[in-house]
Peer 1: 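Before I ask anything, here is the structure I am working with.
The structure presented is a predicted model; accordingly, all values stated were derived computationally and were not measured.
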Amino acid sequence: MRLGIMYSSCGSSYSLFFSRWITCKSLQPEVLARVIETASDRFRVPWIRGARKVDLSILPPLVLLPISLHVAAFHVLLGVGVLTSLPILVIWYYQLTHRRKGKTLLFLSLALFSLGYMYYNFVQEVLLKGHIGWGHFSAVTCGLLLILMFLVKAKQDPGYLNRSTSGPRGAARGQREPANGVRKTEEISPEAHPCIQEESRKLIPEKNYCKLCEVLRPPRSGHCRICGSCVQRLDHHCVWINNCIGAHNHKFFILLLVIFQFTSVYGLILTLRTICRGHSVFSALFYCPGVYATYSTSFVFTCVWYCAIVTAGLGYLLLIQLLNISYNVTEREARIALREKTGRCILGGLVVDAGTFNQGFFQNWLHFLSVGSEGTEQDPSDIV
């Protein structure tokens, strides 16, 4: 019965899509998203032990990014148009998936493919043509390896809380693994953790109990509607790594952003010194005479601008993260404080000081560095 309903729903999505397309009517984003989701669910490739499902969202970056960069390299106006439209397209797709609370591998695929593709072009156009030595190349390569290592660390368990199996719904549903297949941590409850004393239990509001996961959440924990699980000290769900950022992987996420910034800026400096000799790095980014004389140099210059845009975006994200840590506030707490009008915007709105856990710059950083460490007890300042 359920299978018939599913196929009926898929058929109605397809029929609605093609009927509106043939009649030249506007197509709602939700309909397009359902069609893509249905096609992705049915797309499978042969494998040794049976067909494997392949998420179609990983394919667009592999095709669109090289084509877009090659087209942008033909003329400066094409470059401006393409490099402007790419971030707009990414933001539109993010808003589409965020509104539907769905997980997608497109952003992770775009991030990984961009790293590999830019590294490949760096080797082809800068190293193999003898513009830099092996020392510079080794530094860039080590930076890339560190980025991948911290990415793997950030993809690990952020601090999932087990769903309760004691209630009637929990017993029927059982313990469900998170969407990315990472094993969750032990269930958090006042009885299992003596560090949450009776006095502290009285201070825990009812909103700390998650009705979806049927678990009593520790202070500062939150429920991720995309992953469908509660996470200890939830900061946000990062689409670029397709994982939540919580107590256990937040430090690795910060290290990932820091290493990426250093590696990317270093690679940009080496590349600009290669194609724009005699100019400073900053001025060469905006004025590089003769760069469009050959297609090879214009393509490298286009890749430089693409990397600069990505680096600036992730640099802004890193700045926000560092400011939040300095004020001991998470992204989730900042959004709640703005919605409930309990926080104050400072530094031009870059950070929202909720004022609940702020103990000063040094104490805030010491607290952050101790979060998620093995054998550390819960900080009393977190219990409010």
Side-chain angles (χ1 to χ4, degrees), residues 36 40 43 45 52-70 72 82-83 86-87 89-94 96-98 102-127 137 139-158 178-182 226-227 236-245 249-250 252-268 271 299 302-318 321:
I36 296 175
S40 177
F43 184 75
V45 295
R52 293 289 186 90
K53 178 182 174 181
V54 177
D55 195 331
L56 290 180
S57 62
I58 67 175
L59 300 181
L62 309 183
V63 178
L64 294 180
L65 182 61
I67 293 177
S68 301
L69 293 180
H70 279 285
V82 170
L83 293 177
L86 279 178
L89 183 62
V90 170
I91 293 174
W92 170 81
Y93 190 80
Y94 169 77
L96 176 63
T97 55
H98 184 72
K103 298 193 74 172
T104 175
L105 293 177
L106 183 139
F107 300 100
L108 178 61
S109 174
L110 177 61
L112 290 176
F113 183 67
S114 297
L115 277 175
Y117 193 57
M118 293 302 105
Y119 182 75
Y120 169 78
N121 290 321
F122 179 80
V123 173
Q124 288 287 110
E125 302 294 337
V126 179
L127 175 67
F137 173 71
V140 174
T141 303
C142 289
L144 178 63
L145 294 177
L146 287 175
I147 290 173
L148 295 177
M149 182 185 73
F150 287 121
L151 175 61
V152 172
K153 289 288 187 179
K155 284 281 293 176
Q156 294 178 356
D157 179 10
N180 62 354
V182 180
I226 298 178
C227 291
H236 70 286
H237 181 92
C238 181
V239 296
W240 294 106
I241 68 173
N242 196 34
N243 197 22
C244 286
I245 305 300
N249 65 344
H250 201 168
F252 296 116
F253 181 70
I254 297 297
L255 289 173
L256 170 65
L257 294 177
V258 171
I259 297 299
F260 175 83
Q261 290 296 311
F262 279 107
T263 304
S264 181
V265 171
Y266 187 63
L268 289 175
T271 306
F299 178 69
T302 303
C303 291
V304 165
W305 259 105
Y306 174 74
C307 290
I309 294 173
V310 174
T311 304
L314 293 183
Y316 175 78
L317 174 60
L318 176 61
Q321 286 288 310

Peer 1: Which class fits the ring pair Phe137 and Phe122: parallel under 30°, tilted 30 to 60°, perpendicular over 60°?
Peer 2: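 Ring orientation, 0 to 90° scale: parallel.
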
Peer 1: Do Gln156 and Asn249 make a side-chain contact, defined as non-hydrogen atoms from C-beta onward lying under 4.5 Å apart?
Peer 2: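 Result no, sub-4.5 Å side-chain heavy-atom pair not found.
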
Peer 1: Atom CG in Leu110, atom OG in Ser57: separation rounded to 0.5 Å?
Peer 2: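 Between Leu110 CG and Ser57 OG, I get 11.0 Å after rounding to 0.5 Å.
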
Peer 1: Assess whether atom OH of Tyr266 is packed by more than 12 heavy atoms of other residues, nucleotides or ligands within 6.0 Å.
Peer 2: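 Check passes, neighbour count above 12.
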
Peer 1: Please tabulate, for side-chain N and O atoms in residues 307-318, each donor-acceptor pair with protein atoms closer than 3.5 Å (sequence neighbours left out).
Peer 2:
residue: Thr311; atom: OG1; partner: Ser264; partner atom: OG; Å: 2.5
residue: Thr311; atom: OG1; partner: Cys307; partner atom: O; Å: 2.6

Peer 1: Can you check whether Pro158's main-chain N or O pairs, donor with acceptor, with Asn243's side chain at less than 3.5 Å?
Peer 2: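 No, the answer is negative, given that no donor and acceptor are paired below the 3.5 Å cut-off.
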
Peer 1: Quick one: pull up CG in Leu144 and CE in Met118 and give me the separation to the nearest 0.5 Å.
Peer 2: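 Rounded to the nearest 0.5 Å, the CG-CE separation comes to 12.5 Å.
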
Peer 1: Should Leu65 and Leu69 count as side-chain neighbours, where that means a heavy-atom distance under 4.5 Å?
Peer 2: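 Of all side-chain heavy-atom pairs linking Leu69 with Leu65, at least one is under 4.5 Å.
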
Peer 1: Can you measure from CZ (Phe107) to CG (Leu112) and round to the nearest 0.5 angstrom?
Peer 2: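 Phe107 atom CZ to Leu112 atom CG measures 13.5 Å (nearest 0.5 Å).
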
Peer 1: Assign the ring pair Phe113 / Tyr117 to parallel, tilted or perpendicular, where the plane angle (0 to 90°) is split at 30° and 60°.
Peer 2: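 Ring orientation of Phe113 relative to Tyr117: parallel.
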
Peer 1: If you measure from CZ on Phe260 to CG on Leu146, what distance do you get to the nearest 0.5 Å?
Peer 2: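 Answer for the CZ-CG pair, Phe260 versus Leu146, is 13.5 Å.
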
Peer 1: Kindly indicate whether the side chain of Phe150, heavy atoms from C-beta on, has any atom under 4.5 Å from the side chain of Val258.
Peer 2: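 Phe150 vs Val258: side chains apart.
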
Peer 1: List in chain and number order the residues that pass side chain to side chain contact (heavy atoms under 4.5 Å, CB included) with Ile91, two or more places apart in sequence or in another chain; answer none if no residue qualifies.
Peer 2: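 Counting only residues at least two positions away or on another chain, Ile91 forms a side chain to side chain contact (heavy atoms under 4.5 Å, CB included) with Gln95.
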
Peer 1: Any non-hydrogen side-chain atom of Trp305 less than 4.5 Å from a side-chain atom of Thr302?
Peer 2: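 No - every pair of side-chain heavy atoms lies 4.5 Å or more apart.
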
Peer 1: Quick check: do Ile147 and Leu256 have side-chain heavy atoms less than 4.5 Å from each other?
Peer 2: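 Touching, per the 4.5 Å side-chain cut-off.
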
Peer 1: Can you measure from OG1 (Thr104) to OH (Tyr94) and round to the nearest 0.5 angstrom?
Peer 2: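 If I round to the nearest 0.5 Å, the distance is 12.5 Å.
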
Peer 1: Would you say that Leu89 contacts Tyr93 through its side chain, given a criterion of any heavy-atom pair below 4.5 Å between the two side chains?
Peer 2: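 No - every pair of side-chain heavy atoms lies 4.5 Å or more apart.
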
Peer 1: Nearest 0.5 Å please: distance from the NE2 atom of His236 over to the CZ atom of Phe253.
Peer 2: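 The NE2 atom of His236 sits 4.0 Å away from the CZ atom of Phe253.
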
Peer 1: State, yes or no, whether a side-chain contact exists between Lys155 and Asn242 at a heavy-atom distance under 4.5 Å.
Peer 2: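 A side-chain contact under 4.5 Å exists here.
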
Peer 1: Which pair of non-hydrogen atoms, one from Ile241 and one from Leu108, has the smallest distance, and what is that distance?
Peer 2: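 Closest pair (atom of Ile241, atom of Leu108, distance): CA-CD1, 4.0 Å.
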
Peer 1: Measure across Val63 and Ile67 and return the closest heavy-atom pair with its distance rounded to 0.1 Å.
Peer 2: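 That would be O-CG1, 3.2 Å.
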
Peer 1: Look at the side chain of Ser109 and the backbone N and O of Leu105, then say whether any donor-acceptor pair between them is shorter than 3.5 Å.
Peer 2: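 No.
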
Peer 1: So, for Tyr306 and Ser114, which heavy atoms are closest and what is the spacing to 0.1 Å?
Peer 2: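 So the two residues come closest at OH-OG, 2.8 Å.
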
